[in-house]
Amino acid sequence: MNLTVIDHPLARHYLTVLRDEDTRPEEFRAAARGLTFSLVHEATKRLPLAEIEIQTPMETTTGYRVHDVVAVAVLRAGLGMLDAVLDMIPGCKVGFAGVQRDEETALPQEYYFRLPNLSDASVFILEPMLATGGSLSWAVDKVKSSGARHITALCVVTAPDGIRRMYDDHPDVHVIAAAYDRELNDRAYIMPGLGDMGDRLFGTF
Ligand code: URA
C-alpha cells in the first residue's frame, strides 16, 4: 500500500481549521472543501486521459479529456469532500457507501450501498477519517467486488492502525491524506485528530 501525505501550505492551513475545536460547522465545511481540492489534485496526477482532436479558433490540435472517474462517498463524513471532487471533475459519477461504526466494537455495519457502473473507472473513495481502517477496507472490498481495479482513497487524517489495516487488506490501494496522526484513543478516535468528522460537518453534537 502506498501512502502519500500531501505537504502544501493550503492543505496545512485548512487542516488546522478542521482540527480547531472552535471552528463552526459552516467554516468546517468550507475548510473540508478547500482541503479536498489539494487531495484531488494529488490523486489525479496519474489519471489516464483520452486523447481527442479539437478545433481552436486557429487550427486543429490535440487535446485531452478526463473520463471514467467514480467517487464513492463513505457516509456520512465523505459527503464533506464530495462537492470539491465534483467541482474539479464535473463528469465524475458518484456512489455511496453507507456504513456506521458500532460504538461498542468499532466495527463497520453496512446500511446503504449504491454504485454506478465501475468497469474501467478510476475510483476515488472518500473516507476522511482513516482510524481503524474497518470502514475503508469494507468499502474497498465492495467496490472491488463490483469490478473496480484502480482505487485511490482520499483521507483527511490517517492513523497508524488504519494504515496497517490497509497495508494488510489492500496493498494495491493508494491512500492520499493530509495527515498521519499519532494514535487512536480507547474509543478508536484519532489523536490529535479533529473529533467526529460527521458531527462537525453537520453540527450534530
Ligand atoms: N471517525 C471520526 O469522525 N473521527 C475519528 O477520530 C475517527 C473516526
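In each ligand, atom 1 is the first atom listed, and ligand 1 is the first ligand listed.
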**Item:** Test item, G195 contacting ligand 1 (heavy atom, 4.0 angstrom)
**Value:**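 Yes, that is the case, since the closest heavy atom of the residue is under 4.0 Å from the ligand.
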**Request:** Give a yes/no on ligand 1: does A188 have at least one heavy atom closer than 4.0 angstrom to it?
**Result:** yes
**Message:** Between S146 and K142 (side chain of the first, backbone of the second, donor and acceptor by atom type, cut-off under 3.5 Å), is there such a pair?
**Reply:** yes
**Request:** Could you tell me whether K144 and D172 have a side-chain N and a carboxylate O separated by less than 4.0 Å?
**Result:** yes
**Item:** Lys/Arg N to Asp/Glu carboxylate O, D87 vs R33, below 4.0 Å
**Value:** yes
**Asked** Tell me: protein heavy atom nearest atom 6 (O) of ligand 1, and distance?
**Response**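 I find the closest protein heavy atom is I190 N, 2.8 Å.
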**Asked** Which protein heavy atom lies closest to atom 5 (C) of ligand 1, and at what distance to 0.1 Å?
**Response** Y189 CD2, 3.4 Å
**Message:** Between T152 and R46, is the side-chain hydrogen bond (donor to acceptor under 3.5 Å, both in side chains) condition met? List the steps.
**Reply:** CA-CA 11 Å; T152 305; R46 281 168 288 277; over 6 Å; no
**Message:** Out of all atoms in ligand 1, which are within 4.0 Å of some heavy atom of A131? Include the element for each.
**Reply:**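 Listed by number with element: 7 (C), 8 (C).
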**Request:** Determine whether the side chains of H150 and D120 contain a donor N or O and an acceptor N or O closer than 3.5 Å.
**Result:**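 No.
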**Asked** For atom 8 (C) of ligand 1, which candidate among R200, M129, E127, M197 holds the nearest heavy atom?
**Response** M129
